[in-house]
S.K.: 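Okay, here's the structure, questions in a sec.
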Amino acid sequence: MVSLTPDSRVVRSEEYITSTVDNELVMMSLEKGTYYGLDAIGSQIWENIAAPTTIDALCQKLVDEFDVDPAQCQADVLAFLNELHREGMVRALN
Amino acid sequence: MRLTNALRKLGRLSWAERFLLLEATFWLAVTRLALLTVPFRRIAPRLGTLQHESAATVPAKTRDSADRIGWAVRTIARRTPWESACLAQAISAKTMLRRRRIHSTLYLGVAKNKTQPMQAHAWLRCGDAILTGAAGHEQFTVLSSFAEQRPFAEPTAVTEPTAVPQTMPTPTTDLLLAVLNPVPQPATADALRQLDTAAWETLVRAANQQRVLTLFYARLQELDVVTAVPPHLLSQMQQKHQQTTLQNLAIYRELRLIAEKMQAAEVPLIVLKGTYLATAVYPHIGQRAVGDLDLLVPEAKVGQAVEVMHALGWQESQPFTLDALRQHRHHLPTMVKQGVNFPVEIHWNIAKPPTSSYLTPDQLWQEVRPTSLAGTAALAFPHHLQLLHLALHAAYHHQFAFDLRSLCDMTLIIHQQAEAVDWAQFVQQAEAWQWQRGVYLTLQLLQQFWGTAVPPFVLARLEPSPMPTDLARLAKEQILWGRANNFGITVNFSQLKGSKSLPDKVRFIFSFIFPKRSFLSSRYGADPNSAKIWLYYLVNWRDLVKRNTRRTWRLLRGQHTVNEAVDRRNQLSEWLAETK
């Protein structure tokens, strides 16, 4: 599987039903029937990729909101989204 | 005239004694059948350890129970149309003792004298009492004895309350109702801040017992009193909330899988009760626990729906014959699937006979509307039908002996979407289906508990005349007494206790012991026209005994609160059985 880059456009998979528990997002995979949990920042990212977004634009949004170092943010977001990508939780669009 | 005499005698016995006789009849029949069909060497291991004897004395209380069992078995054994010999009596009494965790010893002996061939005898001893086969047992030489060697294991799953049912104190239930009000009241928050740990514990226990703990927790958050909750209770509620959320996600996943396949098979699907409410009415799915996935399909498509379910790995928990089932039920036996911890119930109607007399399933399909539940497209009832369904459940299906959950559902629907409820249609349907009484009483409770805004014209139209003044109080007491406490008291049992004359009682017992074949079929699934159905009379008897003795009978021993609950249930169900 190709790794995501800052230019990649991503969108979250619709194959999950979600809810929240104590500021965490809990998700149930329709296909596998397994649970996933995302913390507050993870949930924020999940909310922001409901519609297709480039990772650059996403990072820009997070930097504005959370006062983090842009380079650090991009590295963290990339790592996180790559993980979701491997799990099939996000799709990369060309 | 012997039968009349026997009945008259029966009339003088206590309820506990009558049940004991019924139980003895059952076990004598089963034992007789077993002895006829199963070789004794196969039965023997079930009687206890060979050549072992139980204690020579037992406590007085145990001795009392044992004496009563001996009396019941001996009394019935004299009257059974089949042969109830010493061995059958001993085995029956031993079985009944064992069910009560009482040890006993069964002796097999032989006697040889010169003039007669060898004779065998069996007798049963508990402590120093010979319960069955006492006459002349001294003349026999013991060949074998059977007794329980180890103490009985404690039951692993205790599902019924073992303590004397407790009525929740009124201040607790009043406060619980206040917290559950969808409109937060400042006075409630003040009252909660005054509570000590013990009072909190009682309150949380009451909320849990009423199956509204997660809603209760959400209301505490809205009232901003979470900081006043003792930490151990807070974490209990947080856990429950989390557990409910995860469980409901799993339920919505199965709903999605089922809905997609049903759509492919062109079986329209209405999502009922909790599964609809938890996401469509409650702001968070963790606020409304859902026990099972209730679905409604067109009556003509039940067969297809079952095929779809089978293809998805769901299996009915017992076989069924649809035609027989239709006469007594409104849904199929629950379906289960490996690895899934909740059942699915496929309905074709929302009401069961006789409450459904005026309701044909077709009527339900005229008003359904499309909805999206956790992303799944399905059909649902409009609000006025949701409300009628919930009232039906509380009033007619359970005579209010359930819990607060369905009333909380109703008040929330009305609170959130009062304008969206078609009240005129609501009244019209309630009238058409002859549910005025139950619906009126339910609405009265909502008003009494939470001042729920039911339009005055609705109550005016539905109000039965005359409306007995104390029914709302009875219904309130019944709900707050709790579902778990009410659990052992079936409608049948209430009716039995409530029926007035002896012929009534006899007729009732008869219909209870010899139900219609179609009823047995609806319960056990066997074809009502096959010879096999007769076998299920035996199974039904066993289940009757199983269901009724332990629980009901313990309850019967003159526990005041229980008798009150039975009377309440009778009054309510008698009143509800009448139409306006």
Side-chain angles (χ1 to χ4, degrees), chain A residues 1 4 8-55 57-58 61 65-66 77 80-93, chain B residues 214 217-218 220-221 226 234-261 263 271 274-280 282-290 293 312-314 337-342 344 372-378:
Chain A
M1 188 176 279
L4 300 174
S8 308
R9 263 158 63 82
V10 292
V11 67
R12 73 185 191 197
S13 160
E14 291 300 317
E15 296 299 299
Y16 292 83
I17 334 175
T18 61
S19 186
T20 53
V21 172
D22 304 329
N23 299 323
E24 286 200 13
L25 197 69
V26 286
M27 317 168 65
M28 150 78 43
S29 154
L30 283 171
E31 189 203 336
K32 299 178 207 156
T34 45
Y35 294 106
Y36 296 83
L38 295 185
D39 63 12
I41 305 264
S43 326
Q44 190 75 35
I45 296 175
W46 185 258
E47 287 310 314
N48 279 302
I49 54 169
T53 317
T54 64
I55 294 180
L58 174 64
K61 219 170 181 177
E65 205 163 330
F66 290 103
V77 168
F80 175 69
L81 286 177
N82 267 315
E83 203 184 324
L84 296 191
H85 193 212
R86 273 195 299 278
E87 286 287 328
M89 297 167 82
V90 300
R91 284 185 297 133
L93 308 166
Chain B
T214 52
Y217 174 50
L220 293 183
Q221 289 170 317
V226 171
L234 190 60
S235 84
Q236 185 192 334
M237 289 189 282
Q238 283 164 341
Q239 245 175 26
K240 184 85 181 176
H241 171 78
Q242 182 174 350
Q243 183 205 337
T244 305
T245 307
L246 296 179
Q247 172 80 25
N248 284 354
L249 284 179
I251 288 180
Y252 286 114
R253 171 179 184 251
E254 293 301 328
L255 173 65
R256 174 79 61 96
L257 302 179
I258 293 169
E260 282 173 358
K261 289 281 186 285
Q263 200 187 7
V271 180
T275 316
Y276 169 80
L277 299 165
T279 172
Y282 285 80
H284 189 287
I285 59 168
Q287 288 186 16
R288 173 59 158 85
V290 181
L293 183 42
L312 284 165
W314 292 87
K337 181 176 160 182
Q338 212 172 4
V340 177
N341 65 350
F342 53 86
V344 173
S372 171
L373 303 172
T376 301

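Small disclaimer: the values here were computed from a predicted structure and weren't measured. Chain letters run A, B, ... following the sequence lines, proteins first, then strands; residues in each count from 1.
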S.K.: Look up atom CD1 in Ile17(A) and atom CG in Leu373(B), then write down how far apart they are to the nearest 0.5 Å.
M.R.: 10.5 Å

S.K.: Is it the case that over 12 heavy atoms from other parts of the model lie below 6.0 angstrom from the CD atom of Gln221(B)?
M.R.: yes

S.K.: For Met28(A), run the side chain to side chain contact (heavy atoms under 4.5 Å, CB included) check against Thr245(B), Ile251(B), Leu249(B), Leu246(B) and tell me which one passes.
M.R.: Leu249(B)

S.K.: Has Glu65(A) got more than 12 heavy atoms of other residues, nucleotides or ligands less than 6.0 Å from its CD?
M.R.: yes

S.K.: Can you tell me which of Glu254(B), Gln242(B), Gln238(B) forms the most heavy-atom pairs within a distance under 4.5 Å of chain A?
M.R.: Gln242(B)

S.K.: For Glu47(A), I'd like to know if atom CD has over 12 heavy atoms of other residues, nucleotides or ligands within 6.0 Å.
M.R.: yes

S.K.: Crowded around Lys337(B) NZ? As in, over 12 foreign heavy atoms under 6.0 Å?
M.R.: yes

S.K.: Tell me, side chain or backbone of Thr20(A) under 4.5 Å from chain B's heavy atoms, or both, or neither?
M.R.: both

S.K.: Return the minimal non-hydrogen interatomic distance between Lys32(A) and Arg253(B), and the atom names on each side.
M.R.: C-NH2, 3.9 Å

S.K.: For Glu15(A), is it the side chain, the backbone, both or neither that has a heavy atom under 4.5 Å from a heavy atom of chain B?
M.R.: neither

S.K.: Within the supplied structure, the quantity of interest is the number of heavy atoms (other residues, nucleotides, ligands) at a distance under 6.0 Å from Asp39(A) CG; does it exceed 12?
M.R.: yes

